[in-house]
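Indexing begins at 1, ligand by ligand and atom by atom, following the structure's order.
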Amino acid sequence: MGHGTPDNMNWAGLLQKLLIVVHIRQIICSSLQFSVPEEMEPDTLVGSLSKNFSPPYQLLTHNYLRMDINKGNFYTTELKMDREAICPAETKAEECVTLYNAIVGPSKELIQFSVIIEDINDNAPHFENNKIHLGVPEDTTVGTSFLLDTQALDSDSGPNGEVQYHLKGSDGAFGLKIEEDSSLIMLVVQRALDRETRDLFQMQLVATDCGVDPLSVSAALIVTMTDVNDNCPAFSSDSPHSVTIPGDSQKNTVVTQVRATDPDLGPNGDIVYSFSPKVSERAKKLFSLDSLTGSISLTQDLESDNSEELVLKVLASGHHCPPADTQVTISVLPKANQELTIKIRFIAEHQNQTMVLQENQHPTALAVLELEGDSSFKDLFLAIEGEVPFTLSPQNGKYLLSTSKPLDYEMNREHHISVIARVKSAEGSVIVPSRRVVTVLVADINDNAPYFVQPHYELQVEENNQPGMSLLQISASDADSGDNGLVTYRLENYNPTMFSIDSVTGQLSLLVPLDREQQHVHRLTVFARDSGSPPLESMATVSIHVRDQNDNAPVFLTPHFIFFIPENVPTLSQVGRVEVKDPDKGENGTTELHVVNSSAPFVVDNTQGMLRTTRNLDRETEDRYELYLLASDHGQTVALTSTARVTIFVEDINDNQPKVILPSTNSSCLTVSPGTLAGATVGKIYAIDEDSGLNSEITYSATAPEPLQNSSPFQIDSRSGNITLSQQLLHEDLGMHHLFIVVRDGGKPVPLYTTVWMNLLVNDSTEPCHLDQVPTWTGTLNLVQTPSKAPICDVETARFSQLMLLIGLGMMLVSTCLFVATVICCLKQRSRSLKMNKGAYTEANEIPLKLKDKYYSD
Ligand SMILES: *[C@@H]1O[C@H](CO)[C@@H](O)[C@H](O)[C@H]1NC(C)=O
Ligand SMILES: *[C@@H]1O[C@H](CO)[C@@H](O)[C@H](O)[C@H]1NC(C)=O
Ligand SMILES: *[C@@H]1O[C@H](CO)[C@@H](O)[C@H](O)[C@H]1NC(C)=O
Ligand SMILES: *[C@@H]1O[C@H](CO)[C@@H](O)[C@H](O)[C@H]1NC(C)=O
Ligand SMILES: *[C@@H]1O[C@H](CO)[C@@H](O)[C@H](O)[C@H]1NC(C)=O
Ligand SMILES: *[C@@H]1O[C@H](CO)[C@@H](O)[C@H](O)[C@H]1NC(C)=O
């Protein structure tokens with residue numbers, strides 16, 4: 001498509017039309033108005049386009065608003081709207097309007113809407129100048145106003161930006177007047193001012209805006225009163241009115257001084273004194289007046305023999321003031337014809353008019369004074385000048401000088417008593433025609449004990465100190481003088497080899513190293529004594545605390561601990577207490593024990609100082625342990641240690657039952673020749689026990705079939721286990737004998753035991769003995785206590801009950817067969833013993849050999 005074609009023209013016209021429509025639309029839509037207060041939080045809803053347009057909605061500028069594309073709601077953003085920043089020019093009530101463009105609707109229409117940013121009172125007024133100095137003349141008339149060269153501005157608009165002023169701290173002396181356009185602030189004087197009453201007002205000029213929550217600011221307003229000469233001199237009430245002077249007063253003697261005051265400042269307060277023109281010529285000739293100081297003095301020697309009265313009228317004038325006046329009457333006394341003298345007759349001892357008195361004495365009379373001279377002075381009397389501890393009491397025209405209270409040397413060593421003659425005149429004025437000075441020296445007596453400023457000294461010394469160390473200087477002062485105040489020091493209640501004090505300087509020193517473990521605090525008493533007579537003494541105490549050093553290693557109660565512990569005790573059983581002591585203090589004396597260098601099953605329980613086992617002990621494996629303990633303290637720099645040896649013997653307990661070695665099994669069997677001689681050893685039981693002592697002492701006893709001692713031909717030696725033939729074997733003894741042997745150890749309280757069968761075959765045959773079946777024990781298990789009451793063996797043909805029955809039946813036949821049986825028995829016994837004796841001699845040597853074979857072949 002080229003330029004200038006009709007098609008092209010059509011497109012351009014369409015576009016133009018569209019723009020016009022858009023423009024119109026824009027104008028219509030700009031009536032769409034929203035408003036939002038400034039400084040709103042982000043995401044505050046400002047308004048919505050959804051009522052007017054359909055979605056989607058798209059904002060073209062994103063400065064302060066963000067649009068919800070689908071809902072048409074728009075919100076504030078992180079960037080806060082500050083009305084004062086957006087519309088800086090519009091300080092007053094005009095609206096701050098911002099315009100926004102948006103594209104809305106499916107057809108993407110361009111619209112415009114406005115958002116009015118409403119003012120909030122977020123700015124306080126502020127003064128351009130927050131300290132205002134103003135000088136106001138004190139004579140300013142009420143109602144006068146002064147322009148204050150300041151103004152408060154508030155950048156908010158409307159009432160929020162309107163400023164009102166008020167004054168604080170004026171105490172009603174000042175008010176404010178604001179000119180119409182608010183830009184001029186006037187300070188109005190509301191009350192008469194007086195610099196002499198108050199020369200400074202520190203006020204605050206407060207500016208407050210008119211917002212709903214008003215904000216305010218204040219500026220300091222300092223008003224100083226400037227002085228105007230509004231006061232005139234006035235004579236003070238203590239200005240003298242009358243003076244008496246002696247007739248022989250010298251030239252330049254200052255007679256008196258008048259005084260007037262003017263409270264004004266600087267030159268306004270200057271006073272000039274002058275004589276009134278009404279003063280007599282003689283007075284003017286005799287007296288001069290210092291115009292600045294107001295002192296009146298004699299212009300010439302007054303050689304007057306007559307009494308005379310001169311009246312001086314003095315004026316005090318200030319600038320622009322009518323002069324104030326006062327009147328001074330000067331009475332001139334006639335010149336004395338004769339010198340007045342004060343005669344002194346000393347009572348107390350004196351030298352060169354000087355008396356020496358001891359301190360602390362009761363009031364004493366010192367001297368009698370008398371006034372001698374012209375008797376025309378009727379009203380003369382003697383008096384002491386100043387405050388001294390002396391009195392002068394008149395007595396018959398004389399005066400007695402005495403002390404008024406005990407003198408104190410320490411307060412004042414020398415008193416000069418100035419005695420003067422005074423005149424009682426109507427106005428109480430004084431002339432001094434004569435004066436005598438009496439000197440009293442005070443002699444010290446020892447009335448002050450030495451005084452310790454610090455009555456108790458406290459110090460710390462580390463032990464093991466250097467000998468000869470100085471500790472501290474003790475000092476006591478004595479207010480007395482000379483020997484009375486000479487202090488010497490000494491110690492009491494102390495060990496002279498340990499401490500010493502320099503009697504003159506009070507330097508306390510330590511002669512030997514201290515040992516805290518011996519004594520941790522030393523208390524000394526120091527006496528300070530002066531050298532008066534009698535001497536006075538006072539006391540101070542010194543506490544010396546010895547600080548610890550880690551100078552003691554731990555010490556075991558014994559260098560070698562020996563403990564016994566039974567075997568088989570549970571783990572962590574107590575073996576024994578391993579006590580260790582360290583006399584040092586705190587950590588330096590806190591000890592900890594370890595088992596060193598040992599795999600022995602022991603550990604130290606440091607909380608109790610107890611040695612404990614760490615596993616089960618078996619005496620049969622190891623019956624004795626040796627180990628070393630290391631004790632170390634917790635000294636900070638160096639820990640001190642010591643060791644102790646520990647030997648632990650494991651005591652046996654009866655934990656092993658005897659083990660039978662011979663016979664080797666329950667089915668072992670021995671053949672005994674019937675011809676064996678009584679007393680011959682036919683066999684042996686041998687057992688061992690791994691325990692020690694009594695626990696391994698073995699005894700043997702046989703229990704079956706009946707107590708061997710009575711009927712069995714065999715008996716067992718309980719110690720050796722030898723089985724011997726107790727009697728010659730009879731014919732009925734042929735066959736198998738089962739002996740139930742209990743092998744017991746000597747354990748207390750309950751011995752352990754093993755049982756074994758000893759089988760003996762009595763037969764001639766040389767064939768090896770053979771046992772088909774091991775016999776079984778049917779008795780109770782109470783074998784240990786009562787072996788002799790053993791029950792009957794299973795393999796025996798006759799049981800005990802059956803035997804009893806047979807005995808019962810036999811008893812019925814006893815009475816009838818008693819004689820016959822006795823005769824037959826006697827005959828049989830005799831024939832058998834003869835037969836057996838013959839065989840025993842032949843076979844006695846062979847049986848032990850057979851026995852041997854039997855034992856060792858099994
Ligand atoms: C006494 O006083 C005079 C004059 O003050 C002096 O010269 C003299 O030494 C004094 N005598 C004694 C003993 O103090
Ligand atoms: C322990 O001894 C050290 C010096 O050996 C000392 O510095 C420390 O103060 C002592 N500790 C205590 C608690 O006395
Ligand atoms: C520690 O063991 C070593 C070697 O095993 C030995 O030389 C030393 O004497 C042992 N020390 C103690 C205290 O038993
Ligand atoms: C036990 O018998 C053996 C020989 O068999 C003998 O040497 C020993 O002395 C006997 N012991 C006792 C206590 O009779
Ligand atoms: C003795 O032994 C022989 C041969 O072994 C046997 O025949 C005989 O019965 C036995 N005598 C007794 C009383 O057991
Ligand atoms: C032998 O017999 C006794 C009693 O029946 C039994 O307690 C023991 O254990 C037996 N000994 C052997 C080695 O079999």
Side-chain angles (χ1 to χ4, degrees), residues 460-465 513-517 520-521 545-554 582-591 632-641 657-670 672 676-688 698-705 714-726 738-744 752-759 771 773-784 787 790-795 844-845 847-856 858:
Q460 296 204 329
V461 176
E462 197 156 310
E463 62 176 331
N464 303 324
N465 54 287
L514 294 181
D515 183 6
R516 193 201 68 85
E517 285 71 38
H520 66 92
V521 55
H545 299 270
V546 187
R547 279 211 310 270
D548 188 42
Q549 278 190 338
N550 192 15
D551 58 346
N552 287 281
D582 189 327
D584 286 328
K585 195 178 163 194
E587 291 287 280
N588 291 338
T590 308
T591 52
S632 58
D633 61 29
H634 289 182
Q636 272 170 355
T637 43
V638 182
L640 299 177
T641 60
Q657 55 179 194
K659 269 190 211 146
V660 177
I661 308 290
L662 281 178
S664 55
T665 66
N666 272 341
S667 50
S668 299
C669 180
L670 271 180
V672 178
T676 311
L677 289 176
T681 302
V682 296
K684 182 175 174 67
I685 310 274
Y686 178 63
I688 54 163
I698 292 176
T699 54
Y700 306 91
S701 58
T703 39
F714 302 104
Q715 71 180 26
I716 184 160
D717 184 89
S718 67
R719 289 272 154 220
S720 66
N722 282 2
I723 295 169
T724 51
L725 202 58
S726 58
H738 300 286
L739 303 183
F740 188 66
I741 312 286
V742 180
V743 181
R744 230 178 263 115
L752 296 176
Y753 68 89
T754 330
T755 55
V756 71
W757 285 102
M758 185 78 191
N759 307 301
L771 198 68
Q773 194 197 358
V774 176
T776 34
W777 177 256
T778 58
T780 66
L781 282 172
N782 196 11
L783 298 169
V784 175
I792 299 155
C793 183
D794 194 28
V795 290
N845 287 332
I847 291 162
L849 284 175
K850 277 188 189 169
L851 247 176
K852 220 174 193 177
D853 289 345
K854 260 291 162 216
Y855 270 113
Y856 296 117
D858 272 336

> Can Asn552 and Asp584 be said to form a side-chain hydrogen bond (donor to acceptor under 3.5 Å, both in side chains), step by step?
Replying inline: CA-CA 6 Å; Asn552 287 281; Asp584 286 328; 3.1 Å; yes
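- The shortest N or O to N or O distance between Asp717 and ligand 4 is not below 3.5 Å.
- Interface atoms of ligand 2 facing Gln549, defined by a heavy-atom separation under 4.0 Å, are 2 (O), 4 (C), 5 (O).
- If you check the side chains of Glu587 and Gln636, you find no donor sitting under 3.5 Å from an acceptor.
- Tyr700 places a side-chain N or O within 3.5 Å of a backbone atom of Ala687 that can act as its donor or acceptor partner.
- Listed by chain and number, residues touching ligand 6 at under 4.0 Å (heavy atoms only) are Asn666, Phe740, Thr755, Trp757.
- The aromatic rings of His738 and Trp757 lie perpendicular to each other, with more than 60° between the two planes, well past the 30° mark.
- Glu463 places a side-chain N or O within 3.5 Å of a backbone atom of Arg516 that can act as its donor or acceptor partner.
- The distance criterion of under 3.5 Å between nitrogen or oxygen atoms is not met by Gln636 with respect to ligand 2.
- The distance criterion of under 3.5 Å between nitrogen or oxygen atoms is not met by Thr637 with respect to ligand 2.
- By the 4.5 Å heavy-atom criterion applied to side chains, Ile716 and Leu739 are not counted as neighbours.
- Residue Asn550 approaches ligand 2 through these ligand atoms, each under 4.0 Å from one of its heavy atoms: 2 (O), 4 (C), 5 (O).
- In this structure a side-chain-to-backbone donor-acceptor pair under 3.5 Å is present from Asp548 to Lys585.
- Nearest approach of Leu677 to Leu725, heavy atoms of both residues: O-CD2, 3.6 Å.
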